[in-house]
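Let me begin by presenting the structure, written as structure tokens, before commenting on it.
A note on names: the letters A, B, ... follow the listed sequences, proteins ahead of strands, and every chain is numbered from 1. Note that these values count all heavy atoms, side chains included, but never hydrogens, waters or copies made by symmetry.
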Amino acid sequence: MSSMDPTEAFRQEASELFETLEGALLDLGLRPDDRELVDSAFRALHTIKGSGAMFGFDRVAAFTHEFETAFELVRKGEIKPTQELIAVALAAKDYIRALIEAPDSADSIIGDAILDDLKRFVSPTAQVLPVGSNADIPPVSESRPAGWQLRLEFESHILRNGSNPIDLLDDLCKLGPCFVVPLTDGVPLLDELEPEDCYLKWDVTLHGACDKAAIDDVFMFVQDEMKLTLAQVERAAPVLAMPIADVELAAPPAPAPTAASVPAAAEPAAPSERKREEPRRTEERGIATVRVQAERLDELMDRVGELVIAQARLSQLAAVGSDLSIKMIAEEIERLAASLRDTTMGARMVPIGSLFGRFRRLVHDLSRDLGKPVEFVTSGEDTELDKTMIECLADPLVHLIRNAIDHGIEDTETRAAAGKTEQGRIELQAIHSGAQVLVTVKDNGGGLNTARIRAKAEELIAPGAAMSDHEIHQFLFHPGFSTAQTISALSGRGVGMDVVKRTIENMRGSIDLSTKAGEGTTVTLRLPLTLAIIEGLLIRVGEGRYIIPLPAVEECVELTAEDERSRGRNFLNVRGNLVPFLRLRDILDVPGAPGQHQKTIIISTGETRVGLVADQIIGNHQTVIKSLSKLHSDVTIFSGATILGDGTAALILDVAQLVALAQSRAEKQQMSEAA
Amino acid sequence: MATDQQHGAGAVQDGSMQVVMIGLGDEKFALDAGLVREIIDPVPATKVAGARSFVPSVINVRGNVIPLADLRIRFGMPQTEDSADTRIVVIEVGIDDEPVLVGVTADKVYEVTEISRTDVQHTPRVGMHWKPEFIRFITKWREEFVIVPNMERILN
């Protein structure tokens with residue numbers, strides 16, 4: 001971290017803040033009265049402004065400042081955030097992001113236009129305040145206090161943290177005319193004076209109809225390091241009334257004159273802001289977080305993987321020998337390695353909520369562009385997934401959500417005709433299910449048009465072939481398959497679902513589709529918890545040992561003599577169901593005759609079940625996954641490799657590929673039998 | 001890596017090049033020392049069904065699963081049994097612009113030595129039972145012809 005470019009650090013921090021800001025703005029659209037949301041948006045803005053100035057993003061700081069100013073009335077609760085206002089605010093957020101990420105391409109004309117829009121939305125509604133006059137001249141309304149009496153006592157080390165009380169006083173002055181009296185009774189004799197300590201206290205009389213929250217905001221980042229005494233003043237003391245000269249904007253960006261001579265530094269103390277932001281946001285002061293580079297976590301995971309392998313070898317050795325003390329140490333190390341592995345994996349886990357947040361904007365924008373009102377509901381944001389998987393999931397989910405809005409949800413008239421609510425509904429849900437995480441995208445639209453998919457599919461297959469609805473729907477995952485009659489900007493090009501499927505399968509996940517005409521479609525993504533380690537079933541085929549990912553295994557059955565006799569038919573009777581099976585000896589090119597007691601492992605992806613015939617089932621194996629090199633990228637039946645207890649490499653069978661292979665063989669067989 | 005290969009070629013132009021001399025069957029090959037990561041004793045290999053014949057298996061090298069290439073197959077030479085001299089030379093080559101670790105079986109590893117540019121021979125068109133594109137050049141070492149193979153071509 002120490003070697004990290006500070007500008008890069010700012011970018012990273014800013015991108016997190018943008019997520020917070022966007023989330024807050026979108027929520028505000030739903031719950032315009034929620035003060036907490038306004039505050040959280042402001043906190044994010046404020047930090048972006050402060051850090052931006054500190055790292056030399058002056059345009060960011062300047063624009064954000066204007067944005068804040070224009071939004072000030074919302075914060076004061078004097079105007080309600082309307083949908084239009086939220087849309088402009090989102091545009092402003094995008095512009096700030098552009099300023100940070102690609103400052104050269106962000107034209108300031110756009111920024112000005114956004115600000116104009118903002119001001120236009122803000123001003124006409126702000127009837128209480130005549131535009132162009134000072135918003136803070138009391139009395140604005142009866143219910144507000146005439147002013148505040150404050151005493152500020154900072155802890156002596158406050159300056160060392162980079163906070164500057166003078167800046168805070170400046171900010172305070174922006175809330176209204178202030179009368180500031182420094183209290184010098186704490187200042188020691190010169191001999192005892194620490195130049196870096198703060199000895200002064202201040203008494204401030206603030207004239208202005210501001211909220212207590214506004215005052216709290218000023219001290220938001222230092223509130224742990226100071227004592228703030230607040231009292232309301234009912235009537236302004238005549239002595240303290242200061243003339244207000246030149247404050248012109250609806251909200252006051254310029255520092256108001258003060259009695260104490262305070263240097264006019266507009267920017268608040270940035271370093272302390274940065275320190276305070278994290279705990280403020282999570283409101284969990286007890287939990288400290290450390291930001292670690294992802295590569296380091298990956299490295300750690302690799303080391304732990306090697307440790308697990310070495311430990312397995314040690315256990316094997318200890319089990320063979322007769323030395324009791326070695327056995328005890330081996331068990332101890334096994335326990336330690338297991339908990340170390342769990343902890344390391346835990347460190348890579350991220351709640352999926354960070355991903356869900358991004359889609360709210362997508363839904364918001366799509367719903368507006370397509371003129372289909374859509375309610376977006378998420379649940380299970382706390383569900384944790386491996387960090388790398390969360391990144392891989394973003395694109396597939398964008399596709400699924402776009403599809404749901406563009407194709408799934410009907411337009412308003414159709415919905416009305418079908419007796420549905422005008423507003424469509426999309427649910428994004430994540431839940432744990434055993435060793436898997438299920439992510440579902442569910443819409444309450446019209447459902448899949450099976451007939452149309454079939455018609456289109458018949459360009460690829462023989463017309464009139466007997467297919468279940470489930471099989472027909474699988475055509476949606478064919479590359480280039482699209483039933484959309486028109487190609488819109490959003491979808492209809494036929495690329496998408498096949499990419500979704502491939503991405504999910506690359507993560508060793510699977511995808512299920514279920515639909516009900518008129519009621520909607522549900523797409524379920526089944527994902528393993530992590531990419532790094534899986535539970536596997538270790539099997540033997542000939543001399544070789546292979547791993548089958550355990551989540552895919554349904555059951556193991558003996559290959560009966562009857563099944564054995566049905567050579568060439570390759571179907572297995574599992575409690576009355578015909579299940580196609582593959583002889584792994586054939587697939588893996590093992591010469592010689594199979595042994596006597598062949599075992600069949602029934603694996604499944606979604607609804608499809610396939611049997612794999614192996615020579616022996618050895619047992620469970622905790623597997624650290626190593627990918628195969630590019631030299632073996634042409635081999636599709638293995639998804640990776642792992643290292644066994646004796647140090648040899650074993651290959652992991654790719655379940656999806658084997659199922660596809662078995663099915664295509666079974667289909668061919670059925671066709672040749674039919675012919 | 002590709003850059004290593006280029007450095008090696010540059011070194012030849014300057015006059016000399018560090019190589020690891022290995023024996024395969026009756027032939028001697030000089031592997032650019034810049035590519036070689038380590039030389040290990042043979043370890044049990046795991047066959048990869050369906051892989052191309054010159055990369056038939058994978059091995060575990062320090063917790064990494066890496067492919068084991070057999071140059072003898074690529075050069076159409078007869079297979080030999082492992083002997084006490086057999087070693088695996090782990091090299092790093094660029095495959096699709098990505099560095100990949102590959103183990104190469106050698107019947108014998110002789111030494112790390114320098115070969116000189118002045119000894120470079122042009123690849124003869126006749127009398128060769130392997131493809132010329134697999135060979136960077138042929139040089140002389142201790143009065144014997146040795147082949148400097150182009151590992152990237154061979155493995156791609």
Could you check whether any side-chain N or O of [X] sits under 3.5 Å from a backbone N or O of [Y], counting only pairs where one atom can act as donor and the other as acceptor?
X: Thr46(B); Y: Ala649(A); value: yes
X: His632(A); Y: Ile66(B); value: no
X: Arg52(B); Y: Leu631(A); value: yes

- Val100(B) portion near chain A, given a 4.5 angstrom heavy-atom threshold: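 Only the side chain of Val100(B) comes within 4.5 Å of chain A.
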
- Item | Smallest separation among heavy atoms of Asn64(B) and Ile643(A), with atom names |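 For Asn64(B) and Ile643(A), the tightest heavy-atom pair comes out as N-CD1, 4.3 Å.
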
- Where on Asp589(A) is there a heavy atom nearer than 4.5 Å to chain B: the side chain, the backbone, both, or neither?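 Its backbone and side chain both get close to chain B.
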
- Task: Please flag which part of Ile587(A) lies under 4.5 Å from any non-hydrogen atom of chain B: side chain, backbone, both or neither.
- Result: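 The backbone, not the side chain.
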
- Give the C-alpha distance, both sets of side-chain angles, the deciding distance and a yes or no for side chain to side chain contact (heavy atoms under 4.5 Å, CB included) between Thr648(A) and Asn60(B). CA-CA 6 Å; Thr648(A) 55; Asn60(B) 163 23; over 6 Å; no

- Distance from Glu543(A) atom CD to Lys47(B) atom NZ, nearest 0.5 Å?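 So the gap between those two atoms works out to 11.5 Å.
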
- State the NZ-CG distance between Lys630(A) and Leu155(B), to the nearest 0.5 angstrom.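 Reported value, rounded in 0.5 Å steps: 13.5 Å.
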
- Query: Should the heavy atoms of other residues, nucleotides or ligands under 6.0 Å from CG of Asp634(A) be counted, would the total exceed 12?
  - Reply: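 Enclosed: over 12 neighbouring heavy atoms sit under 6.0 Å from CG of Asp634(A).
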
